[in-house]
Amino acid sequence: MLKVQNVSVWRDTAQILFDIDLHVDKGEIVCLLGPNGAGKSTMMNAIIGRLSQKTGTILLEEKPITHLRADQLVRHGMALSPEGRQVFAPLSVYENLTLGAYARPRSERHAVKKDLEWVFELFPKLKEREQQQAGTLSGGEQQMLAIGRALMSHPRVLLLDEPSLGLAPKIVSEIFDTLQQLGQQGITILLAEQNARMAFKVAQRAYILSEGKIITTGRTEDLVQDPSVQQAYLGV
Ligand SMILES: Nc1ncnc2c1ncn2[C@@H]1O[C@H](COP(=O)(O)OP(=O)(O)OP(=O)(O)O)[C@@H](O)[C@H]1O
Ligand SMILES: [Mg+2]
């Protein structure tokens, strides 16, 4: 579904990512795991077309999307729930969700309405707070809103940048239950995380990123048995 081939990314003069190869098959949840500064967000932003200083190839269903912009990629079925949520604070929950569907033509308005119901089913708390200003939501609710807003474009590939960031374990586990549900509904997900414990519960495979390079990859059921992964990421 999504293929990143030999991608390197620069910010100004500094190279941040080095020859990254990764892929996500249709319906898979794949985790991009790494510590602070490893380059996870850089990878996500490069895939979604926010960073143009890059080489290599990114393919969506075998078609090159390397040089498409974020707004074009939404129309190709890709959406990003960014790190740090970035909801529109003065706008209501409903308005934030509606903005997630901005790229869809008027002819899809019935489908958009259905997707709004779908998001409210996935996150009932958002339904309860439909008219509340997004800036006054709790951190967990804002994270749900950021994911919900990304889902309103009805993506085939969802990129999620650190949904667990700064949230209490109970909320994290609620959010990850929903990710699992999305996976079961056939949405393809690339999940950037530092929280290996949670990410490995929902992801089938993982890539471990360190200082801009992929150092390990494999099935999560195998990685949890790997002593170096246990030591570095699972606190064993
Ligand atoms: N706008 C920028 N300009 C220059 N360098 C940047 C910029 N944004 C990030 N970097 C650098 O790129 C490297 C990777 O950062 P990135 O945010 O991708 O890491 P990350 O894995 O997402 O970390 P975190 O877990 O803290 O979110 C870091 O060394 C960072 O300083
Ligand atoms: Mg990041």
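Residues: numbered from 1 along the sequence shown. Note that ligands are numbered from 1 as they come in the structure, with each ligand's atoms numbered from 1 the same way. Keep in mind that what you see is a predicted model, and the values were worked out from it rather than measured.
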For this session: Examine distances only and state if a side-chain atom of Q225 and a backbone atom of D222 form a donor-acceptor pair shorter than 3.5 Å.
Result: no

For this session: Could you list which atoms of ligand 1 come closer than 4.0 Å to a heavy atom of P35?
Result: 21 (O)

For this session: Grab the two heavy atoms, one from D12 and one from Q53, that are nearest each other, plus how far apart they are.
Result: O-NE2, 3.0 Å

For this session: Would you check whether G212 reaches within less than 4.0 Å of ligand 1, judged by its heavy atoms?
Result: no

For this session: Considering non-hydrogen atoms only, spot the tightest contact between F176 and E193 and give its length.
Result: CZ-OE2, 3.6 Å

Problem set entry | Proximity winner for atom 29 (O) of ligand 1, if only heavy atoms of G37, S210, A192 are counted | G37

For this session: Give a yes or no on whether a salt bridge exists between E61 and R156, defined as a side-chain N under 4.0 angstrom from a carboxylate O.
Result: yes

Problem set entry | Closest protein heavy atom to atom 11 (C) of ligand 1, given as residue, atom name and distance to 0.1 Å | I16 CD1, 3.7 Å

Exercise. In Å and rounded to the nearest 0.5 Å, what is the CG to CG distance from L32 to L191?
Worked result: 8.5 Å

Problem set entry | G34 N/O under 3.5 Å from ligand 1 N/O | no

For this session: Establish whether atom 14 (C) of ligand 1 and some protein heavy atom are separated by less than 4.0 angstrom.
Result: yes

For this session: Decide, yes or no, whether a salt bridge links K3 with D21 under the criterion of side-chain N to carboxylate O below 4.0 Å.
Result: no

Seminar exercise, completed: Closest to atom 17 (O) of ligand 1 among protein heavy atoms sits S41 CB, 3.8 Å

Problem set entry | Which residue and heavy atom of the protein sit nearest atom 9 (C) of ligand 1, plus the separation | R11 NH1, 4.0 Å

For this session: Identify the residue among V172, D177, I171, T178 that makes a side chain to side chain contact (heavy atoms under 4.5 Å, CB included) with I175.
Result: I171

Exercise. How many N, O or S atoms of the protein are nearer than 2.8 Å to the Mg ion (ligand 2)?
Worked result: 2

Exercise. If you look at every heavy atom in L122 and Q181, which pair is closest and at what distance?
Worked result: CD2-NE2, 3.8 Å

For this session: Please tell me if the side chains of L223 and F200 come closer than 4.5 Å, counting only heavy atoms from C-beta onward.
Result: yes

Exercise. So do the side chains of P82 and R50 get within less than 4.5 Å of each other, counting heavy atoms only?
Worked result: yes

Exercise. Between L159 and M44, is any pair of side-chain heavy atoms under 4.5 Å apart?
Worked result: yes

Seminar exercise, completed: atom 27 (O) of ligand 1: closest protein heavy atom, distance to 0.1 Å, is E83 OE1, 2.5 Å

Exercise. For ligand 1, which atoms have a heavy atom of Q194 less than 4.0 angstrom away?
Worked result: 25 (O)

Problem set entry | Per-atom contact, atom 1 (N) of ligand 1, protein heavy atoms, under 4.0 angstrom | yes

For this session: Provide, to 0.1 Å, the distance between atom 26 (O) of ligand 1 and the closest protein heavy atom, together with that atom's residue and name.
Result: N36 ND2, 2.7 Å

For this session: Give yes if a backbone or side-chain nitrogen or oxygen of G39 is under 3.5 Å from a nitrogen or oxygen of ligand 1, and no if not.
Result: yes

Exercise. So, do V7 and D19 sit near enough that their side-chain heavy atoms are less than 4.5 Å apart?
Worked result: no

For this session: Provide the number and element of each atom of ligand 1 under 4.0 Å from a heavy atom of E162.
Result: 24 (P), 25 (O), 27 (O)

Seminar exercise, completed: atom 16 (P) of ligand 1 sits nearest the protein heavy atom T42 OG1, 3.6 Å

Problem set entry | Where K40 and N36 come nearest, the two heavy atoms and their spacing | NZ-N, 4.2 Å

